[in-house]
Protein chains: 2
Amino acid sequence: MKEKKTSPYHHGNLKEELLQTALEMIDKEGLDTITLRELTQRLGTSRTAVYRHFASKEALILGVIEKGYEHLNLLFTPIFQDRTHSVAVRFEAMGRAYLDFAIEHPNLYRLLFGENFRQEREEICDYKDENQATGLYALIGLLTEAQEEGIIAQVNPMVQAAMVWASIHGLASLLIDGHLIMSDNMEAIYEYSIGVLLKGLQ
Amino acid sequence: MKEKKTSPYHHGNLKEELLQTALEMIDKEGLDTITLRELTQRLGTSRTAVYRHFASKEALILGVIEKGYEHLNLLFTPIFQDRTHSVAVRFEAMGRAYLDFAIEHPNLYRLLFGENFRQEREEICDYKDENQATGLYALIGLLTEAQEEGIIAQVNPMVQAAMVWASIHGLASLLIDGHLIMSDNMEAIYEYSIGVLLKGLQ
DNA sequence: CATTTAATGTTAACATTGTCAACATATATT
DNA sequence: AATATATGTTGACAATGTTAACATTAAATG
C-alpha cells in the first residue's frame with residue numbers, strides 16, 4: 001500500500017511477499033532452479049532475511065504449497081458447486097479445469113501434486129479436510145450426487161474418486177512431463193477419456 | 001570378474017559400474033539426494049573420474065534412465081507377448097506389473113516417468129521406437145489385438161493407449177507420492193480401475 | 001516519555017556440491 | 001621402444017543453503 005522512497009530497514013510485509021514471489025518464481029522457472037538468493041534479491045532484502053520468517057527453504061516451499069492449495073480451491077469450488085449444471089456437465093468441466101491448470105502451470109501442478117514433501121503435505125491436507133469442497137472430497141461429493149441420480153454405479157465413492165482422479169492426474173502428468181508426444185491429439189484424448197470414464201463408471 | 005588386491009590406477013569397467021551404482025543409489029535414496037562424490041567414493045575412485053566417461057552429472061543420469069528403460073522392457077515384454085493368456089488377462093497383468101514396479105521402485109519410477117530430462121528423453125525414446133515391445137507401443141499392440149477380438153471399441157488405438165496408460169500412471173503416481181492415503185484399499189482401487197477401463201473401452 | 005524487550009534485517013563465514021584445469025599414470029598404437 | 005590416447009587424481013572455484021554475531025526498528029512496559 002504505502003511505499004517509502006528509500007527502502008526502510010524493515011520491509012513491512014516480507015513473509016507474505018516471500019510466499020507470493022516464491023510462488024511466481026516456481027510457476028515460471030520450476031522448483032529446482034529457484035534459489036533463496038535470487039528470491040531475496042528480487043525483493044530487495046538480504047539473503048538470510050528468509051530465516052526470520054521460515055525455518056528453512058523447505059519450510060518456505062511448504063508455505064507456497066499451502067498457498068497453492070488455497071488458490072486451487074478458489075478456482076475449483078465454483079465448478080463443483082454450480083448446481084445450475086448437470087452432474088455430467090460439471091464432471092466434464094471439472095476435468096477440463098484441472099487439466100487446463102496443469103498445462104498452464106506445470107511447475108505449480110508438480111509442486112502441488114508431485115512427490116514434494118509427502119510427509120509434511122499430509123499435515124496440511126489433514127486440517128483441510130474440514131473444508132468440504134477441497135480436492136478429493138469435492139470429487140467424492142460429485143460422484144455421490146451422480147450415484148443418487150443413477151448415472152453411475154453405487155460403489156464406494158472414495159474408490160471411484162481415486163480412480164477418476166488418477167485418470168485425469170495421469171493424463172495431466174504425462175502431458176506436462178512430455179511423455180505423450182501428441183499435443184494435437186490432446187483434446188481428442190481428453191474427450192475420449194471422459195467418455196470412457198462415464199461409461200465405465202455406470 | 002577379476003579382483004586385484006591393491007586397486008589399480010585404472011578401474012577397468014568404471015563407466016558401466018558408474019551407471020549400475022548410480023541406478024542402485026537412485027533406487028534407494030532418490031534422484032535429488034545422490035551426489036557424485038558419494039557415488040565415486042563408493043566405487044573407490046576420485047570425484048572427477050566421472051568426467052572421463054560422462055560430460056556431466058546430467059549425462060550420467062541420462063545413461064541411468066536409458067538403462068532403466070531397457071530393464072523395464074525386459075520386465076514387461078514377456079507379459080505383453082505371452083499369447084497363452086487372453087488379451088484381458090494380459091491387460092490386467094500388465095497393469096499390475098506396472099503398478100508393482102512403481103510401488104517397489106518409486107524413485108526409479110519417477111526417474112523414468114517423471115519430469116526429468118524431458119527434452120533429452122525424447123531422443124532416447126525415439127530411437128527405441130524400433131523395438132516394437134517398448135512402452136506405449138506394446139500397449140497399442142495389445143489394444144489393437146483387443147479390437148480385433150471385439151472386446152473393445154474400434155477407436156484410434158493410440159488414443160486408447162494414452163487413456164489407459166494415463167489411468168495406471170496416475171494411480172501409480174498418486175500412490176507413491178502419497179496423495180492417496182488408503183494403502184489398504186489399494187488392491188480394491190486397482191481392480192475397480194481395470195474394470196472401469198475394460199467396460200469403458202467397449 | 002524513557003527504557004527495555006522482542007522482532008526483523010544484515011554481514012561474514014562455512015560446508016557441500018558440481019565442475020574445470022593441470023597433472024599423473026596406464027593402455028593402445030605405431 | 002616411443003609416442004599418443006585414454007583414464008584417473010589433485011587442487012581450486014563458484015553457487016547455494018545455512019548459521020552465528022551484530023544492527024536496527026517496532027512493541028511493550030514502567
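So you know, we letter chains A, B, ... as the sequences are listed, proteins then strands, and number each from 1. Model, not experiment: these values are computed from the prediction.
Side-chain atoms of A:L62 and A:F54, non-hydrogen and from C-beta on, never get closer than 4.5 Å to each other.
Among all heavy-atom pairs drawn from B:R90 and B:H85, the shortest one is NE-O, 3.2 Å. A:R42 approaches A:M25 most closely through the heavy-atom pair NH1-CG, 3.5 Å.
Residue B:T48 places a side-chain atom within donor-acceptor reach of the base of D:dT10, judged by atom type and a 3.5 Å distance cut-off alone. Interface remark: the B:T45 side chain does not form any donor-acceptor pair with the D:dT9 base, using a distance-only criterion of under 3.5 Å.
Residues forming a side chain to side chain contact (heavy atoms under 4.5 Å, CB included) with B:L36 (at least two apart in sequence, or on another chain): B:L39, B:V50, B:Y51, B:K57, B:L60.
The shortest distance between the side-chain N/O atoms of A:H53 and the OP1/OP2 oxygens of C:dG9 is below 4.0 Å.
Residues from residues 32-40 of chain B lying near DNA chain C, meaning a heavy-atom separation below 4.0 Å, are B:I34, B:T35, B:L36, B:R37 in numerical order.
Comparing atom distances between the A:S46 side chain and each of D:dT10, C:dG9, C:dA22 picks out C:dG9 as nearest.
The aromatic rings of A:F76 and A:F101 stand perpendicular to each other, their planes meeting at an angle above 60°, with 30° marking the opposite boundary.
Per the geometry, CZ belonging to B:R52 stands 17 Å off P belonging to C:dT27, to the nearest Å.
A salt bridge links A:R96 to A:E187: at least one charged side-chain nitrogen sits closer than 4.0 Å to a carboxylate oxygen.
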